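To start, the structure under review is shown below, and the notes come after it.
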Amino acid sequence: MAKAANAKSRQRVKPLYFSAKISDYQFKKVLWQFVLDHSAAEAAKHVNLSANSFTAIYAKLRKFFFDYRLFRDPYKGGDPRNGFAEEGYEDIEHLILAYHLNRVTKKHGALDCRMDEPDYHFAESNWRFDHHDMMKERGPELVQRMMLECLMAFIRTFGPVGAKDAPTAQGKLAGLKLAVEQLDQRALWLERNSVKFNDAEKRGNLRNLREK
């Protein structure tokens, strides 16, 4: 019995972040700053890490979530918003672009990408935009906790973040499935909690989007 307990204690728990210098405790603090959408300079004021460290970890987070299909750029690699690809998509596209440009302006930085690589920042904005209305309905505190849970689900499933091994095709497919499940959960949350969907017809339209 003692041997079994000792063997269990020696088992290595999979880390959240691939680094010998950043503990899981520190990484969770960084991830929370990421959820809050704080810039690297602002986040460094709240966590005992340099702005350069935050910039490096933020970049790895964006790539990780993009590689596993949580963050997606509708202009590269297909349009993940198939439910909006028909009537009215142009209006939503305009809102997403305006939201993204507003984020860029607040960060006082050029977040442009090269033409031959994904726009990780814009892909992140697409994911954040999905939570925008939820925050207006129930306030940021609750929704930010939900966002953290979504990110942690990906990290616990596919992490650690920053690992050298590239995701496999099977891993990408599993990530896409998890991303769709989370999108469906957000749509269901809006259907049940948003004042906008008190109308039966609007609830029906939202339900149809979820079922596509």
Side-chain angles (χ1 to χ4, degrees), residues 14 16 31-32 34-35 37 58 60-97 99-100 103 113 117-138 140 142-163 165-194 196-197 200-212:
K14 186 170 70 170
L16 302 176
L31 188 63
W32 179 241
F34 184 80
V35 167
D37 207 14
Y58 278 6
K60 290 178 182 179
L61 284 169
R62 293 186 183 101
K63 186 177 187 307
F64 175 85
F65 294 125
F66 186 91
D67 285 347
Y68 285 102
R69 302 300 189 259
L70 179 62
F71 292 178
R72 283 175 286 173
D73 181 352
Y75 297 114
K76 296 178 182 178
D79 183 356
R81 298 173 179 275
N82 293 324
F84 299 110
E86 301 165 358
E87 183 179 356
Y89 176 74
E90 295 80 4
D91 293 335
I92 294 177
E93 181 182 31
H94 171 75
L95 291 174
I96 293 172
L97 289 171
Y99 175 78
H100 173 63
R103 287 187 64 235
C113 69
E117 69 178 15
D119 189 338
Y120 296 116
H121 291 280
F122 183 60
E124 178 191 348
S125 288
N126 270 271
W127 177 76
R128 290 184 180 279
F129 180 82
D130 287 340
H131 298 84
H132 191 55
D133 279 342
M134 297 170 68
M135 288 189 183
K136 290 189 290 187
E137 295 291 340
R138 287 295 183 270
L142 171 64
V143 178
Q144 285 163 350
R145 290 293 177 185
M146 294 170 63
M147 293 167 71
L148 180 64
E149 290 175 7
C150 289
L151 298 183
M152 284 298 297
F154 267 80
I155 295 171
R156 289 194 177 105
T157 303
F158 305 109
V161 173
D165 295 335
T168 63
Q170 184 178 6
K172 292 180 180 180
L173 184 61
L176 179 61
K177 181 179 179 181
L178 180 55
V180 171
E181 289 175 357
Q182 291 184 353
L183 180 61
D184 185 67
Q185 289 169 1
R186 290 195 294 273
L188 181 61
W189 187 92
L190 282 170
E191 180 183 329
R192 292 176 174 175
N193 295 280
S194 174
K196 290 183 179 180
F197 296 100
E201 181 178 353
K202 291 183 178 179
R203 282 202 306 272
N205 292 335
L206 184 62
R207 194 174 297 113
N208 289 336
L209 290 176
R210 288 172 45 225
E211 292 173 354
K212 287 186 178 183

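Being a predicted model, the structure only gives us computed values, none of them experimental.
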- Message: Testing the basics here: between Ala179 and Arg72, what is the closest heavy-atom pair and its distance to 0.1 Å?
- Response: CB-NH2, 4.3 Å
- Parallel, tilted or perpendicular: which fits the ring planes of Phe158 and Phe154, with parallel below 30° and perpendicular above 60°? tilted
- Give the minimum heavy-atom separation between Cys150 and Arg186, together with the two atoms involved. SG-NH1, 4.4 Å
- Message: Using side-chain heavy atoms (C-beta onward) and a distance below 4.5 Å, is Leu70 in contact with Gln182?
- Response: yes
- Side chains of Leu148 and Gln144: closer than 4.5 Å at any heavy-atom pair? no
- Find out whether the Lys NZ or Arg CZ of Arg128 is both under 6.0 angstrom from the six-membered ring centre of Phe34 and within 45° of the ring's axis. yes
- Query: Should Met134 and Met146 count as side-chain neighbours, where that means a heavy-atom distance under 4.5 Å?
  - Reply: yes
- Under 4.5 Å between any side-chain heavy atoms of Phe64 and Ile155, yes or no? yes
- Value for CG (Asn126) from CG (Asp119), rounded to nearest 0.5 Å, stands at 9.5 Å
- Trp32 side, atom CH2; Met147 side, atom CE - distance, nearest 0.5 Å: 9.0 Å
- Item | Ring geometry between Phe122 and His100 (parallel below 30°, tilted from 30 to 60°, perpendicular above 60°) | perpendicular
- Message: Test side-chain contact (heavy atoms from CB on, under 4.5 Å) on Met152 and Leu16; report intermediate values, then the result.
- Response: CA-CA 9 Å; Met152 284 298 297; Leu16 302 176; 3.9 Å; yes
- Can you check whether Tyr120 reaches Asp73 side chain to side chain, under 4.5 Å on heavy atoms? no
- For the atom pair CD (Glu124) and CG (Leu61), what is the distance rounded to the nearest 0.5 Å? 9.0 Å
- Just how far is it from atom NZ of Lys14 to atom OG1 of Thr157, taken to the nearest 0.5 Å? 7.0 Å
- Spacing of CG belonging to Asp184 relative to CH2 belonging to Trp189, to within rounding of 0.5 Å: 15.0 Å
- Exercise: identify the closest heavy-atom pair between Ser125 and Tyr99: O-CE2, 3.6 Å
- Could you grab the distance from atom CG of Leu183 to atom CD of Gln185, nearest 0.5 Å is fine? 9.5 Å
- Message: Show the nearest heavy-atom pair for residues Tyr68 and Gly171, with the distance to one decimal.
- Response: CD2-O, 3.6 Å
